[in-house]
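The structure under discussion appears below in the form of structure tokens.
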Number of protein chains: 2
Amino acid sequence: MRDATLRDVALLAGVSPRTVSNVVNGYAKVTERTRQKVELAIAELGYRPNVLARNLANGRSGQIAVVVPYLDTPYFAELLQAVIPGARERGYNVLVDQTDGDPRHERDLLRRSGRAFPFDGMIFSPLGLAQEDLPDDPSLPLVVLGERVSNGVFDHVGIDDVAASRTATAHLIGLGRRRVAAIGDQPYPTGEAAQLRTRGYRRAHADAGLPVDESLVIGTPRFNRADGAGAMSRLLDRDDPPDAVFCYSDLVALGALHVALARGLRVPEDIALIGYDDIEDGRYSNPPISTISPDKVAIATTAVDRLLERINSDRPLPGVEVRAGHRLVVRHSTAGRAAPVTN
Amino acid sequence: MRDATLRDVALLAGVSPRTVSNVVNGYAKVTERTRQKVELAIAELGYRPNVLARNLANGRSGQIAVVVPYLDTPYFAELLQAVIPGARERGYNVLVDQTDGDPRHERDLLRRSGRAFPFDGMIFSPLGLAQEDLPDDPSLPLVVLGERVSNGVFDHVGIDDVAASRTATAHLIGLGRRRVAAIGDQPYPTGEAAQLRTRGYRRAHADAGLPVDESLVIGTPRFNRADGAGAMSRLLDRDDPPDAVFCYSDLVALGALHVALARGLRVPEDIALIGYDDIEDGRYSNPPISTISPDKVAIATTAVDRLLERINSDRPLPGVEVRAGHRLVVRHSTAGRAAPVTN
DNA sequence: ATGAAAGCGCTAACAC
DNA sequence: GTGTTAGCGCTTTCAT
């Protein structure tokens with residue numbers, strides 16, 4: 001049988017659709033008596049509002065989109081995990097899309113968004129886009145995650161990559177290491193996060209009065225295990241291998257660690273390793289890897305907050321720049337002592 | 001300014017809304033000449049169809065929901081990664097929700113779905129539900145993932161857990177191990193996947209004419225690293241520790257591995273380990289862990305296919321049971337030889 | 001506090 | 001092949 005509509009309820013309860021709507025949406029102005037009548041009718045008919053109709057009438061979908069490059073990258077999975085409950089609490093559904101870092105797909109999403117897609121706003125973590133690809137006048141509320149700096153029309157949430165990388169590198173130097181490599185650099189214009197991290201790496205060297213051996217800065221197309229492994233192999237093939245490595249993501253560090261151990265090196269004795277992102281894998285690797293831990297919950301909740309604020313604002317809001325916190329987490333891959341029994 | 005509507009386009013092109021709709025939706029029956037007029041008008045006005053209105057008129061949202069217990073569990077992240085492109089290819093958006101394995105939330109989703117939620121069907125991976133919690137008469141197209149067997153009204157996609165577990169255990173026994181532990185058992189009624197794996201574990205013992213030492217079957221509330229680590233600790237505290245462990249997920253195996261190494265054991269010499277799921281982490285751990293590899297791509301694409309078939313069918317389809325393939329992947333955690341240099 | 005009625009923007013049955 | 005028009009089911013302005 002046809003599903004009951006609001007109209008059916010109104011008929012049965014002997015009131016107008018208007019009143020039923022008021023009851024359903026919890027508007028104060030309903031007599032206790034009418035409310036009861038209506039609620040009875042609702043129960044009797046098993047009525048539930050049709051979201052699609054409501055969306056059209058409201059002109060909003062009650063959905064936000066979260067777009068990341070890769071879902072199976074733990075960092076993004078963990079981020080998403082934090083975004084979803086926050087959105088749901090506020091009554092929003094979350095649409096998820098992944099771009100594989102494909103610039104075409106990313107640009108496409110940005111352009112086609114608006115009425116063409118059923119979401120009221122978007123949290124976007126771009127990878128293959130240059131700064132100028134981001135819209136000057138986004139047709140929809142937009143919060144950008146990651147490295148980019150806000151261009152003033154959308155919000156941006158991220159940590160201070162330069163400072164964090166400087167800290168990580170300084171930690172390695174502070175251990176007495178003098179040949180510190182960096183794995184993960186990426187070229188302009190798309191690899192901004194990577195470039196910021198390289199900048200921090202250089203600063204730390206400058207702070208310590210140490211020169212940077214440019215041949216120790218290794219570029220990788222992506223921040224994954226395979227690339228980390230490949231880069232580490234090349235570093236270890238050299239006559240003068242590094243005694244420490246700053247990896248631009250934990251995944252890179254995990255790949256690098258795998259290779260180092262496979263070659264019979266001791267970590268951290270022969271070579272110290274530090275990663276970036278603080279994903280769970282890094283806590284359970286052998287040895288566990290030191291890392292830069294961004295405050296993911298803050299990033300996620302801030303992003304949702306900002307986005308909903310934009311969605312619910314009548315006039316365009318200026319784009320703001322939000323810095324979430326981060327901290328250095330020292331684990332065994334940069335510690336001198338022997339592995340403690342943790343469990 | 002107000003966004004252009006289909007009506008505006010019709011006015012400008014001097015045709016009826018009907019014709020514009022035909023053009024937009026690519027219906028054949030349009031003269032080349034009118035099509036051009038219409039397309040011109042569309043371009044001029046920058047018209048894009050309003051999805052919300054279209055949804056209401058069509059009575060469908062063009063969205064499917066994918067519900068998993070945890071997004072940051074690599075197995076589910078990898079699955080999702082495979083589902084999304086498949087759905088997108090067919091013109092569907094993917095709504096994602098996670099339940100944290102909370103039975104209330106899971107039941108709720110099942111009950112409130114239908115018109116109350118804007119999706120046309122659901123791919124659902126339950127965790128905290130017993131068989132009888134699944135609807136006898138789902139109000140919407142439903143495909144269930146994981147351990148459960150179809151009750152005849154919805155489809156079910158999964159691998160043969162008993163066979164896979166039997167293979168994994170047999171592999172360990174084939175190595176000459178005689179004290180094979182199992183980590184991950186869970187009680188009735190919710191832990192069906194776990195129970196099937198335990199059954200496979202027993203079968204393998206029976207096949208080999210070996211008795212099962214019940215004290216070597218360790219239950220865990222979840223399939224994560226922490227639980228794996230905890231269980232392994234208890235096993236190693238015993239006077240008669242096992243010489244091999246079948247872990248019900250790779251995450252459990254990774255946690256177990258961590259503890260074993262931290263205690264100075266050699267893997268696989270002192271204790272062999274095998275996991276389940278074939279997540280990427282397991283390929284890069286030190287040593288890499290052997291595992292049961294389910295055909296995730298097949299699971300994902302089959303699930304999407306079945307679901308869309310249900311969505312587009314007028315009459316209710318009988319629930320079918322689909323078995324995806326799996327295979328044993330032998331890596332270093334169950335191999336005798338020394339670690340090869342992989343990169 | 002409640003009713004009447006006009007949309008929201010699209011689709012599609014029904015004409016011609 | 002194209003126009004006319006009546007919904008889809010809800011929200012909400014305007015009355016009362």
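A note on names: the letters A, B, ... follow the listed sequences, proteins ahead of strands, and every chain is numbered from 1. Remember, it's a predicted structure, so these values are computed and weren't measured experimentally.
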So how far is it from [X] [atom1] to [Y] [atom2], rounded to the nearest 0.5 Å?
X      : Y      : atom1 : atom2 : answer
A:Q81  : A:F76  : CD    : CZ    : 15.5 Å
B:F119 : A:N93  : CZ    : CG    : 7.5 Å
B:L12  : B:K37  : CG    : NZ    : 10.5 Å
B:I159 : B:D295 : CD1   : CG    : 9.5 Å
B:L110 : B:D133 : CG    : CG    : 8.5 Å

> Sequence neighbours excluded, which residues qualify as salt bridge (Lys or Arg N to Asp or Glu O under 4.0 Å) partners of A:R48?
Replying inline: none

> OP1 or OP2 of C:dA1 less than 4.0 angstrom from a side-chain nitrogen or oxygen of A:T34, does that happen here?
Replying inline: no

> Looking only at side-chain N and O atoms, does A:T19 come under 4.0 Å of OP1 or OP2 in C:dG3?
Replying inline: yes

Nearest whole Å is fine: how far is [N] [atom2] from [X] [atom1]?
X     : N      : atom1 : atom2 : answer
B:Q36 : D:dG1  : CD    : C1'   : 16 Å
A:L11 : D:dC10 : CG    : P     : 13 Å
A:L52 : D:dC10 : CG    : P     : 11 Å
A:E32 : C:dT2  : CD    : P     : 11 Å

> So how far off straight is the helix from C:dA1-D:dT16 to C:dC16-D:dG1, going by the axes through five pairs at either end, to 10°?
Replying inline: 30°

> Should B:N25 and B:S21 be marked as a side-chain hydrogen bond (donor to acceptor under 3.5 Å, both in side chains) after you check the CA-CA gap, both sets of side-chain angles, and the distance that decides it?
Replying inline: CA-CA 6 Å; B:N25 295 296; B:S21 178; 3.3 Å; yes

> In residues 307-315 of chain B, which ones come under 4.0 Å of DNA chain C, going by heavy atoms?
Replying inline: none

> What closest approach, in Å, do A:Y47 and A:A4 show between heavy atoms, and which atom pair accounts for it?
Replying inline: CD1-O, 3.3 Å

Expected list for residues 54-62 of chain A: side-chain donor-acceptor pairs under 3.5 angstrom, two or more places apart:
residue : atom : partner : partner atom : Å
A:N55   : ND2  : A:V51   : O            : 3.4
A:N58   : ND2  : A:R54   : O            : 3.3
A:R60   : NH1  : A:Y92   : OH           : 3.3
A:R60   : NH1  : A:N312  : OD1          : 3.2
A:R60   : NH2  : A:I311  : O            : 3.4
A:R60   : NH2  : A:N312  : OD1          : 3.4
A:S61   : OG   : A:Q63   : N            : 3.2
A:S61   : OG   : A:P118  : O            : 3.2
A:S61   : OG   : A:D120  : OD1          : 3.0

> What one-letter contact string describes nucleotides 9-16 of chain C from 5' to 3', where B marks a base within less than 4.0 Å of any protein heavy atom, S marks contact via sugar-phosphate atoms alone, and - marks no contact?
Replying inline: BBSBBB--

>> Is there a side-chain contact between A:V157 and A:V322 in this structure, where contact means two heavy atoms from C-beta onward sitting under 4.5 Å apart?
In response: yes

>> My understanding is that only residues two or more places apart in sequence, or in another chain, count here; which of them pass side chain to side chain donor-acceptor pair (under 3.5 Å) with A:T99?
In response: A:E106

